[in-house]
Enquirer: 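Pasting in a structure now, in structure tokens, and then I'll have a few things to ask.
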Amino acid sequence: MSVLDTPVTAAAPAAPTSGLTPVFVRLKLSLLRNGLRQSAGRRAAFIVSLVLTLLVAAGQVLGLVLLRGDEHAGTVVVLLTGVVALGWAVLPLFFPSGDDTLDPTRLAMLPLRPQPLVRALLVSSMIGVGPLFTLCLVTGSVLALAQGAVGVVFAVLAVPLTMLLCVALSRAVATANVRLLNSRKGRDLAVLSGLVIAVGIQFVNFGAQRLGQSGGLSALEPAAGVVRWLPGASAIGAVDSASDGSPGIAVLQLLITAAALAALLWTWQRSLVKLMTAPDGSTLAAAEPSRKESSAGRGGLAGLLPEGRTGTVVQRSLRYVARDPKTKAGWVTALAIGAIVPLLNAFQGTGSVYFACFAAGMLGMQMYNQFGQDTSAFWMVALTISSPRDAYVELRARALALLLITLPYTLVVCAVTAAVIGDWETLPGALGLSFALLGAMVSTGAVASALFAYSIPQEGAFKNVAPGQGGLAWISILGGMVATSLLASPVIAMTIWLHLADHHGALWLMVPGGVAYGAFIGWAGLKLAATRTANRLPEILTAVSKG
């Protein structure tokens with residue numbers, strides 16, 4: 001039973017809540033400041049990510065302002081705002097975001113009332129890179145639409161309403177799903193939810209491409225006509241309506257946003273009370289391991305793997321994929337998106353066999369942050385690493401577990417894509433390029449795991465990065481992608497030259513060439529990462545244990 005519903009008595013006076021919002025704001029700022037004080041690398045990563053975000057936001061604002069006066073400005077802005085609101089609803093559940101100040105389960109034992117707590121959480125949620133980016137987009141949107149004094153008045157009201165709606169939507173969805181995502185079965189359901197959302201995004205992407213091909217921005221007007229009446233974009237639609245001389249419609253659209261915000265706050269408060277007062281069945285004792293599993297011994301895959309550290313690490317890595325909800329979610333999403341992108345393009349008649357390389361890229365991303373998935377249990381691995389040789393064997397075995405899934409999957413996706421398009425001649429080139437890309441991602445992923453390790457919190461299943469490490473995670477991924485492109489460039493250049501020189505019959509040479517080059521690059525990256533890992537074990541252990 002939480003103190004949220006405990007009556008106030010003389011023996012247990014409730015804590016004053018009038019100043020709760022400033023306390024949460026200071027707490028948020030303090031956690032951010034203290035996280036940046038831990039190391040110069042973390043400060044640099046945060047500053048770089050902040051600068052990049054501001055540059056992108058500035059470009060977006062400039063583009064929106066340049067749309068001012070265009071006949072399709074309302075269509076673009078309304079749809080953009082709708083997409084942003086949708087992102088606030090779903091992305092915090094499956095991508096790195098948030099921090100522990102927004103996890104309501106940590107507040108269950110504090111004497112806090114629901115209404116002041118909701119206000120404090122709502123205001124503290126406005127602090128961060130994500131809200132700043134959204135504020136820039138919303139401000140640019142109203143600047144593109146506001147015309148006349150009436151339009152300006154509605155613009156002034158639309159900006160805070162839209163921001164509050166986005167943040168409240170994000171927190172309400174996250175709070176409603178905390179219990180589900182923290183339960184053992186619920187985490188598996190969350191994997192399916194993440195897959196559905198990821199697949200849905202791809203279908204929306206392809207649908208937008210088709211709309212653009214069918215008639216430019218005018219083809220989007222019917223969709224915008226519907227979205228402007230939805231809460232996520234209706235406030236921005238009100239600015240457009242007021243600027244066009246329809247204040248009655250504008251008032252109605254603004255009221256839709258206000259009503260949706262009130263409903264979200266009420267739903268959030270009810271979910272918060274239920275979360276912090278209802279019994280949690282997720283702590284029931286785990287089922288006893290089956291006799292079949294306990295007596296399996298070294299049968300199956302274990303019997304094919306070498307004994308010693310290599311076999312043990314491969315089995316451990318594959319068990320993470322099968323049993324850890326967050327690792328499983330990443331793998332399932334990568335497998336699905338890696339097949340959807342090339343195959344949908346192929347079925348539409350606009351694809352190429354080389355689109356199948358996207359599958360290798362998606363799965364290669366799983367090599368990044370290898371030690372983060374161990375969380376605080378990494379100390380047991382660290383105790384077994386006393387030299388670069390030990391670190392090399394550890395990383396090599398983790399790469400082998402990755403390749404056991406990735407190599408056959410890449411072969412299947414490339415072959416099916418070639419069959420759908422009917423272009424078997426290009427298949428060897430796509431395979432060779434995929435193998436080289438895999439080797440490059442193994443290389444850069446191993447190095448990034450050693451240099452930019454970060455923690456994956458176990459509590460709060462909608463968080464994938466510990467507080468203060470979001471910038472570090474993005475720098476690791478983005479930097480690794482750039483390095484991968486550079487490492488794979490020789491094979492890319494050779495493939496392009498064979499096509500331009502009309503030597504299609506020699507493309508079969510790319511298969512052994514891609515395998516050899518990928519193996520060499522992967523080996524070199526593992527050796528380099530092994531030295532860095534052995535030398536930075538204390539730093540890595542501190543970073544991955546943060547969550």
Side-chain angles (χ1 to χ4, degrees), residues 195 198-210 212-213 331-367 402-445 480-522:
L195 176 60
V199 172
I201 291 174
Q202 295 302 317
F203 280 106
V204 170
N205 176 40
F206 286 112
Q209 291 178 6
R210 295 297 294 271
Q213 294 170 0
W331 272 96
V332 171
T333 303
L335 289 168
I337 302 302
I340 287 172
V341 170
L343 291 179
L344 277 184
N345 278 283
F347 282 119
Q348 289 182 336
T350 59
S352 165
V353 180
Y354 288 103
F355 276 36
C357 296
F358 190 78
M362 287 296 298
L363 294 187
M365 293 290 294
Q366 307 307 312
M367 187 64 191
L402 174 77
L403 294 175
L404 285 176
I405 301 175
T406 304
L407 286 177
Y409 177 82
T410 301
L411 285 169
V412 171
V413 172
C414 288
V416 173
T417 304
V420 172
I421 297 176
D423 185 9
W424 295 101
E425 187 180 36
T426 310
L427 177 60
L431 284 174
L433 190 56
S434 296
F435 294 147
L437 183 63
L438 279 175
M441 297 200 78
V442 166
S443 176
T444 57
M481 293 174 64
V482 173
T484 297
S485 301
L486 294 176
L487 289 177
S489 58
V491 178
I492 296 174
M494 178 60 67
T495 305
I496 294 175
W497 179 82
L498 288 175
H499 279 279
L500 294 178
D502 200 22
H503 294 322
H504 295 87
L507 281 174
W508 68 269
L509 294 173
M510 296 304 301
V511 175
V515 171
Y517 184 80
F520 172 75
I521 290 297

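Bear in mind the structure is a predicted one, so any value in this text is a computation, not a measurement.
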Enquirer: Check whether any side-chain heavy atom of V332 sits under 4.5 Å from a side-chain heavy atom of L335, and report yes or no.
Expert: no

Enquirer: Hey, are the side chains of I405 and W331 touching, using non-hydrogen atoms and a 4.5 Å cut-off?
Expert: yes

Enquirer: Could you walk me through whether Y354 and T417 satisfy the side chain to side chain contact (heavy atoms under 4.5 Å, CB included) test, starting with their C-alpha distance in whole Å, then the side-chain angles of each, then the deciding distance to 0.1 Å, before giving a yes or no?
Expert: CA-CA 9 Å; Y354 288 103; T417 304; over 6 Å; no

Enquirer: Looking at OG of S434 and CG of L427, how far apart are the two atoms once the value is rounded to the nearest 0.5 Å?
Expert: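 Answer rounded to 0.5 Å: 9.0 Å.
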
Enquirer: Considering only heavy atoms from C-beta outward, does the side chain of F358 approach that of V413 to under 4.5 Å?
Expert: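 No, too far: nothing below the 4.5 Å cut-off.
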
Enquirer: Contact between F435 and L411 at the side-chain level, heavy atoms closer than 4.5 Å - yes or no?
Expert: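 Answer yes - side chains close enough.
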
Enquirer: With the side chain counted from C-beta on, respond yes when M441 and M367 share a heavy-atom pair under 4.5 Å apart, and no when they do not.
Expert: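 With C-beta onward as the side chain, the pair stays apart.
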
Enquirer: Atom CG of D423 and atom OG1 of T426: how far apart are they, to the nearest 0.5 Å?
Expert: 3.0 Å

Enquirer: Between CG of L431 and CG of L407, what distance do you get to the nearest 0.5 Å?
Expert: 10.5 Å

Enquirer: How close do Q366 and A334 get, counting heavy atoms only, and between which atoms?
Expert: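 Looking at all heavy atoms of both residues, the closest pair is NE2-CB, 3.6 Å.
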
Enquirer: Less than 4.5 Å apart, side chain to side chain, heavy atoms only: is that true for V341 and N345?
Expert: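 Heavy-atom side-chain distance check passes, below 4.5 Å.
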
Enquirer: Indicate yes or no: at least one non-hydrogen side-chain atom of L507 is less than 4.5 angstrom from one of H499.
Expert: yes

Enquirer: Output side-chain donor-acceptor pairs under 3.5 Å for residues 508-522, partner residues at least two apart or in another chain, one line each.
Expert:
from	atom 1	to	atom 2	distance (Å)
W508	NE1	G505	O	3.4
Y517	OH	L487	O	2.5

Enquirer: As an exercise, state the distance from CG of L438 to CG of L402, rounded to the nearest 0.5 Å.
Expert: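 So the CG of L438 and the CG of L402 are separated by 7.0 Å.
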
Enquirer: Could you give the distance from SG (C357) to CG (L437), rounded to the nearest 0.5 Å?
Expert: 6.5 Å

Enquirer: Could you tell me the separation between the CG atom of L433 and the CE atom of M494, rounded to the nearest 0.5 Å?
Expert: 12.5 Å

Enquirer: Just wondering, are more than 12 heavy atoms of other shown residues or ligands nearer than 6.0 Å to CE in M365?
Expert: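 Counting other residues, nucleotides and ligands, CE of M365 exceeds 12 neighbours.
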
Enquirer: For Y409, what residues pass the side-chain hydrogen bond (donor to acceptor under 3.5 Å, both in side chains) criterion, not counting sequence neighbours?
Expert: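 Scan of Y409 (side-chain hydrogen bond (donor to acceptor under 3.5 Å, both in side chains), adjacent residues dropped) gives none.
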
Enquirer: Step by step, work out the side chain to side chain donor-acceptor pair (under 3.5 Å) result for T484 and T444.
Expert: CA-CA 6 Å; T484 297; T444 57; 2.9 Å; yes

